[in-house]
Visitor: 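Before we start, here is the structure in question, set down as structure tokens.
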Amino acid sequence: MGLSAAWWWSRTEAAIPNPASKPSRATATLQLPLSQSEPEPARASVDGKRAWVPGSEYRYSLDVTQQVAFKQTQPQGDAPPSMRFHLKGEWRVGIVSANDTRVDARVSLLPENVSVDVEGHDALSPDQRQMLMGSLSLPFFVTLERTGAARLVHMETGTDVLAQGLLRSVVAATQFVVQGVPGASWQSEEHDATGQYDAAYRRAEEPLRFSKSKLAYTHVATAQGLQPLAKDKLRIEVRTDSRFQLGADLWTEALVASEQLEVDAGDGMPRASHELRLRLRLLGRSRDTSLPGALTALRDRLTTVPLASIQGQAQDPQAHHRQILGGRRFEDMLADLRALPKDEQARDDARTLAMERLRALFVLEPAEALKVPGVLHEGLEPLAASPMLGALSAASTTESIQALSRILEDGDVSVPVRTDAVAALGMAEAPTPEGVEALRARARDTQPELRDTATLALGNAAMRMGAQDARGSETLVQELGARFRSSNSVEEKALLMRALGNTRDARALGYIEEGLREAAPHVRQAAVEALRLLVDPAVDPLLAQRLLGDPSPEVRKAVVFAASFRPLGPLLPALEQALRGDPSDGLRAELVQFLGSRVTNTLEVRPLLAWASQNDSNASIRQAALGFLKAVSANTGP
């Protein structure tokens with residue numbers, strides 16, 4: 001958090017989330033499938049430098065505690081209250097793109113426990129805690145230099161201000177910055193919320209183990225940007241100890257960090273102290289095909305701030321768009337798309353760049369979006385058309401929505417391209433009546449691919465409309481529910497369950513409960529999956545009931561999948577009961593895998609895995625449970 005945050009935290013009323021303001025939902029997807037990530041071993045770059053591989057994702061357990069205290073220097077003054085913040089969960093970092101100078105990464109937190117104490121007392125009501133956890137769960141993006149130095153943070157506009165501060169502090173504390181191949185020792189220039197500082201790194205005796213310490217701050221974050229530290233007006237004392245264990249790819253595998261910051265601003269201001277303790281441990285590496293292009297797809301709904309900035313200091317988004325566009329015209333980017341490279345990696349990079357530039361163009365000059373329907377009518381390969389559609393969705397202007405609607409209605413455009421357009425329209429940030437009507441029409445289409453995608457997109461549109469058009473959102477939920485009740489097709493009922501789940505609307509719960517009572521297991525499975533993103537106290541008991549009582553193993557497995565999106569505590573008793581008594585080896589195996597993924601940062605799952613390692617009737621399951629426990633025992637600290 002640092003200096004700027006230390007003063008900001010004194011505003012207790014600003015630090016506590018307002019349950020009346022809901023977090024936005026930029027991360028919704030149309031079909032919400034199971035993860036398709038594939039394990040990837042650690043690998044070093046050929047030149048011995050850090051591996052920046054787009055599509056790579058790193059999953060960590062995170063446990064961080066921060067405390068802020070104030071001491072009044074004036075006899076009659078009152079010091080702000082002391083505050084303590086604790087955050088525990090799974091921290092994910094995925095590489096979106098990388099070039100010679102810049103790396104963009106998507107970061108997300110799956111919080112398991114969050115606490116805010118003021119003067120030793122819990123400051124969060126249940127509603128406030130739920131809202132804070134929702135804001136902390138929103139993925140965001142970080143722009144880094146090739147050295148690993150974090151410079152910019154891109155967060156969804158409207159993200160709770162406390163969540164922003166907590167997440168930015170973790171980004172800053174987990175930086176490992178090195179130019180090229182690590183030597184015996186080196187220094188770097190780094191940023192955090194306080195400002196700019198010099199850091200020193202030293203290699204330990206063990207391979208790929210390093211220590212880091214902050215030497216001194218040289219600049220401080222102000223409303224005017226970074227300014228040289230005037231030591232006669234502001235005194236900052238810092239003591240840090242960060243110990244990194246790296247993998248062969250030079251990515252952090254374990255980190256234990258502690259930091260103490262003392263700030264004396266003089267002029268009768270209270271003295272502020274900030275203490276941070278952080279533990280980070282790698283849970284696994286994987287591949288995520290959704291990462292390339294992810295920042296481009298969401299750029300227009302994000303607010304960009306320097307990591308070293310006062311909370312709320314934002315860049316001019318139009319200036320950012322102009323920088324990306326670089327003076328290029330629509331015709332220039334169309335020519336690029338018509339001449340995509342044949343090499344797969346080069347082609348993907350070119351498509352991503354074209355989508356970024358087109359989105360910037362459609363935001364800066366909205367009328368340019370209306371050229372796209374004509375281009376697609378004349379014919380364009382799906383690989384070249386997709387960046388155009390993604391840019392229209394990301395821009396989400398009235399003209400962009402109009403362009404997507406026209407493409408959906410054009411029967412001369414190929415079905416694959418129109419299907420992509422349907423998905424893009426469903427993901428648009430600000431659905432218009434014209435756009436919703438276009439989706440409704442395609443939901444009645446004779447082409448199954450168009451019809452199914454449009455149905456899912458209607459659910460997503462209902463979620464996007466939210467509070468801006470509550471009546472329109474409610475109407476879509478009711479329409480999807482009515483279609484479910486009137487359908488005689490098992491496949492259509494399952495599809496509508498998933499569409500209702502995409503709405504994330506509490507009003508969909510009644511229809512989903514009906515789906516849970518359907519005779520067809522396929523429908524019940526879809527209903528269980530639809531529950532995973534709903535915020536309602538009735539959801540966890542419904543999931544527990546299905547896990548312990550549904551006759552279909554596939555439905556019970558769907559509960560394990562749904563549980564991976566939710567806080568673990570309320571479901572833990574049912575998960576334990578299923579682990580001890582479910583007759584399906586497949587389900588118990590999935591339970592062990594799921595619990596094993598949480599074993600590092602959730603102590604409560606260890607007794608369950610210990611029981612399974614000794615008592616499960618299947619030797620493979622016993623061995624898997626034991627493997628997770630051994631991994632924990634072998635990794636007690638760097």
Visitor: What are the two closest heavy atoms between Gly94 and Leu291, and how far apart are they?
Guide: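 Taking Gly94 first and Leu291 second, the nearest heavy atoms are CA-CD1, 3.7 Å.
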Visitor: Shortest non-hydrogen contact from Pro182 to Phe210?
Guide: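 Distance-wise, the nearest heavy atoms are CB-CZ, 3.7 Å.
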Visitor: Answer yes if the side chains of His274 and Gln66 hold a donor-acceptor pair under 3.5 Å, and no otherwise.
Guide: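 The answer is yes; a qualifying pair exists.
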Visitor: With sequence neighbours excluded, tell me which residues meet side-chain hydrogen bond (donor to acceptor under 3.5 Å, both in side chains) with Tyr511.
Guide: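 Checked Tyr511 against side-chain hydrogen bond (donor to acceptor under 3.5 Å, both in side chains); zero matches.
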Visitor: Check whether any side-chain heavy atom of Leu283 sits under 4.5 Å from a side-chain heavy atom of Ser61, and report yes or no.
Guide: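 Leu283 vs Ser61: side chains touch.
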Visitor: What is the distance from atom CZ of Arg203 to atom CG of Leu208, rounded to the nearest 0.5 Å?
Guide: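 Reported value, rounded in 0.5 Å steps: 6.5 Å.
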Visitor: To the closest 0.5 Å, what do you measure between CG (Leu609) and CZ (Arg622)?
Guide: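 Result: 14.5 Å between the selected atoms.
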Visitor: So how far is it from Leu261 CG to Leu276 CG, rounded to the nearest 0.5 Å?
Guide: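 Result: 10.5 Å between the selected atoms.
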Visitor: Could you check whether Ser213 and Arg239, counting side-chain N and O atoms only, form a donor-acceptor pair closer than 3.5 Å?
Guide: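 No - no donor-acceptor pair under 3.5 Å links their side chains.
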Visitor: Are Leu575 and Leu568 close enough that some pair of their side-chain heavy atoms sits under 4.5 Å apart?
Guide: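 Of all side-chain heavy-atom pairs linking Leu568 with Leu575, at least one is under 4.5 Å.
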Visitor: Under a 3.5 Å distance rule, please check whether Thr503 uses its side chain to pair with a backbone N or O of Leu500 as donor and acceptor.
Guide: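 Indeed, once roles are kept as given, a pair shorter than 3.5 Å links the two residues.
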Visitor: Hey, does the side chain of Gln593 reach the backbone of Glu590 with a donor-acceptor pair shorter than 3.5 angstrom?
Guide: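 Not at all, since once roles are kept as given, no pair shorter than 3.5 Å links the two residues.
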Visitor: Does the side chain of Glu90 come under 3.5 Å of the side chain of Tyr60 through a donor N or O and an acceptor N or O?
Guide: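 No pair is found: no donor N or O on one side chain lies under 3.5 Å from an acceptor on the other.
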Visitor: Run the numbers on Arg92 and Tyr58 for side chain to side chain contact (heavy atoms under 4.5 Å, CB included), then give the verdict.
Guide: CA-CA 6 Å; Arg92 296 182 178 181; Tyr58 300 80; over 6 Å; no
Visitor: Under 4.0 Å between a side-chain nitrogen and a carboxylate oxygen: does that hold for Glu259 and Lys214?
Guide: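 So Glu259 pairs with Lys214 through a salt bridge.
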Visitor: Between Arg129 and Asp122, does any side-chain N to carboxylate O distance fall below 4.0 Å?
Guide: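 A salt bridge links Arg129 with Asp122.
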Visitor: I need the minimum non-hydrogen distance between Val523 and Gly515, along with the two atoms involved.
Guide: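 Residues Val523 and Gly515, closest heavy atoms: CG1-O, 4.0 Å.
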Visitor: Would Asp117 and His86 count as having a side-chain donor-acceptor pair, cut-off 3.5 Å?
Guide: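 Absent: no donor and acceptor within the cut-off.
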Visitor: Tell me, which pairs form a side chain to side chain donor-acceptor pair (under 3.5 Å) where one or both residues lie in residues 171-186, sequence neighbours left out?
Guide: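 Side chain to side chain donor-acceptor pair (under 3.5 Å) check on residues 171-186 returns no pairs.
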Visitor: Using a 4.5 Å cut-off on heavy atoms from C-beta on, say whether the side chain of Val116 contacts that of Leu124.
Guide: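 With C-beta onward as the side chain, the pair touches.
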Visitor: Using the side chain to side chain contact (heavy atoms under 4.5 Å, CB included) criterion, which residues pair with Gln614? Sequence neighbours excluded.
Guide: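 Scan of Gln614 (side chain to side chain contact (heavy atoms under 4.5 Å, CB included), adjacent residues dropped) gives none.
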Visitor: List for me each residue that meets salt bridge (Lys or Arg N to Asp or Glu O under 4.0 Å) alongside Arg146, sequence neighbours excluded, and say none if there are none.
Guide: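 Scan of Arg146 (salt bridge (Lys or Arg N to Asp or Glu O under 4.0 Å), adjacent residues dropped) gives none.
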Visitor: Test of understanding: with ring-ring contact (aromatic ring centres under 6.0 Å, His included), list the residues that count as partners of Phe140, not counting sequence neighbours.
Guide: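 Scan of Phe140 (ring-ring contact (aromatic ring centres under 6.0 Å, His included), adjacent residues dropped) gives none.
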Visitor: Is any side-chain heavy atom of Ser258 less than 4.5 Å from a side-chain heavy atom of Asp241?
Guide: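 A side-chain contact exists here, since the closest heavy-atom pair is under 4.5 Å.
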Visitor: Identify, with sequence neighbours excluded, every residue that meets side chain to side chain contact (heavy atoms under 4.5 Å, CB included) alongside Arg546.
Guide: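 Leu516, Arg524, Val528, Asp550, Val555, Val559.
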Visitor: Which residues pass the salt bridge (Lys or Arg N to Asp or Glu O under 4.0 Å) test with Arg580, sequence neighbours left out?
Guide: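 If we apply the salt bridge (Lys or Arg N to Asp or Glu O under 4.0 Å) test to Arg580, skipping adjacent residues, the hits are Glu576.
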Visitor: Less than 6.0 Å separating the ring centroids of Phe176 and Phe244?
Guide: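 Between Phe176 and Phe244, the centre distance is under 6.0 Å.
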Visitor: My understanding is that only residues two or more places apart in sequence, or in another chain, count here; which of them pass side-chain hydrogen bond (donor to acceptor under 3.5 Å, both in side chains) with Thr352?
Guide: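 Thr352: no side-chain hydrogen bond (donor to acceptor under 3.5 Å, both in side chains) contacts found.
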Visitor: State, with a plain yes or no, whether a side-chain heavy atom of Trp251 is found less than 4.5 Å away from one of Val93.
Guide: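 The answer is yes, as the side chains (C-beta and beyond) meet within the 4.5 Å cut-off.
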Visitor: State which residues pass side-chain hydrogen bond (donor to acceptor under 3.5 Å, both in side chains) with Arg151; sequence neighbours excluded, sorted by chain then number.
Guide: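 Result, side-chain hydrogen bond (donor to acceptor under 3.5 Å, both in side chains) vs Arg151: Glu145.
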Visitor: What residues, two or more places apart in sequence or in another chain, satisfy salt bridge (Lys or Arg N to Asp or Glu O under 4.0 Å) together with Arg277?
Guide: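 Applying salt bridge (Lys or Arg N to Asp or Glu O under 4.0 Å) to Arg277 gives Glu275.
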Visitor: Ignoring hydrogens, what is the shortest heavy-atom contact between Ala544 and Ala574? Give both atom names and the distance.
Guide: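 Nearest heavy atoms, Ala544 then Ala574: CB-CB, 3.6 Å.
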Visitor: Counting C-beta onward and ignoring hydrogens, is there a side-chain heavy-atom pair between Leu280 and Val256 closer than 4.5 Å?
Guide: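 Leu280 does not reach Val256 side chain to side chain.
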Visitor: Do we see a donor-acceptor contact under 3.5 Å between the side chains of Thr143 and His154?
Guide: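 Yes, His154 and Thr143 have a side-chain donor paired with an acceptor closer than 3.5 Å.
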Visitor: Between Val605 and Val599, what is the shortest heavy-atom contact and its length?
Guide: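 Nearest pair, atom of Val605 first, then Val599: CG2-CA, 3.5 Å.
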Visitor: Roughly how far, to the nearest 0.5 Å, is CG of Leu591 from CG of Asp582?
Guide: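 Reported to 0.5 Å precision, the distance equals 7.5 Å.
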Visitor: Are Ser137 and Leu110 close enough, and set up right, to give a side chain to side chain contact (heavy atoms under 4.5 Å, CB included), and what steps lead you there?
Guide: CA-CA 6 Å; Ser137 300; Leu110 302 179; 5.8 Å; no
Visitor: Not counting sequence neighbours, which residues clear salt bridge (Lys or Arg N to Asp or Glu O under 4.0 Å) with Lys557? List them please.
Guide: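 Applying salt bridge (Lys or Arg N to Asp or Glu O under 4.0 Å) to Lys557 gives Glu554.
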Visitor: Verify side chain to side chain contact (heavy atoms under 4.5 Å, CB included) between Glu529 and Arg498, making sure each step is shown before the conclusion.
Guide: CA-CA 7 Å; Glu529 294 173 4; Arg498 293 187 169 93; 3.2 Å; yes
Visitor: Listing request: all salt bridge (charged side-chain N to carboxylate O under 4.0 Å, His left out) pairs with a residue in residues 533-543, at least two apart in sequence or in separate chains.
Guide: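 Counting only pairs at least two positions apart or across chains, the salt bridge (charged side-chain N to carboxylate O under 4.0 Å, His left out) contacts touching residues 533-543 are Asp540-Arg566.
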Visitor: Looking at every heavy atom in both Ala98 and Pro54, which two are closest together, and how far apart are they?
Guide: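 Distance-wise, the nearest heavy atoms are N-CG, 4.1 Å.
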Visitor: Check this for me: Glu513, atom CD, are more than 12 non-hydrogen atoms of other residues, nucleotides or ligands nearer than 6.0 Å?
Guide: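 It does: Glu513 CD has more than 12 such atoms within range.
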Visitor: How about Arg588 and Val592: do any of their side-chain heavy atoms sit closer than 4.5 Å?
Guide: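 Arg588 vs Val592: side chains apart.
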Visitor: Do Ser56 and Arg287 pair up side chain to side chain, a donor and an acceptor below 3.5 Å, judged on atom types alone?
Guide: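 Judged by distance alone, the side chains do pair up.
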Visitor: Using the six-membered ring of Phe565, assess whether NZ or CZ of Arg532 lies under 6.0 Å from its centre and within 45 degrees of the ring axis.
Guide: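 The answer is yes; both the distance and angle limits are met.
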Visitor: Can you tell me how far CD of Gln67 sits from OG of Ser82, rounded to the nearest 0.5 angstrom?
Guide: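 One finds 8.0 Å between OG of Ser82 and CD of Gln67.
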Visitor: Show the numbers, then the answer: is there a side chain to side chain contact (heavy atoms under 4.5 Å, CB included) between Val181 and Lys49?
Guide: CA-CA 5 Å; Val181 181; Lys49 301 176 183 178; 4.1 Å; yes
Visitor: Does a side-chain N-to-carboxylate-O contact under 4.0 Å join Asp192 and Arg168?
Guide: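 So Asp192 does not pair with Arg168 through a salt bridge.
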Visitor: Assess whether a salt bridge exists between Glu57 and Arg285, defined as any Lys/Arg side-chain N lying under 4.0 Å from an Asp/Glu carboxylate O.
Guide: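 Salt bridge absent between Glu57 and Arg285.
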Visitor: What's the separation between atom OG in Ser613 and atom CD1 in Ile621, rounded to the nearest 0.5 Å?
Guide: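 Ser613 OG to Ile621 CD1: 12.0 Å, rounded to 0.5 Å.
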Visitor: Whether Arg102 and Asp104 form a salt bridge (side-chain N of Lys/Arg under 4.0 Å from carboxylate O of Asp/Glu) is what I want to check.
Guide: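 Looking at Arg102 together with Asp104, the answer is yes, because their closest N to O distance falls below 4.0 Å.
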Visitor: Kindly indicate whether the side chain of Ser115, heavy atoms from C-beta on, has any atom under 4.5 Å from the side chain of Arg84.
Guide: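 SC-SC contact between Ser115 and Arg84 confirmed.
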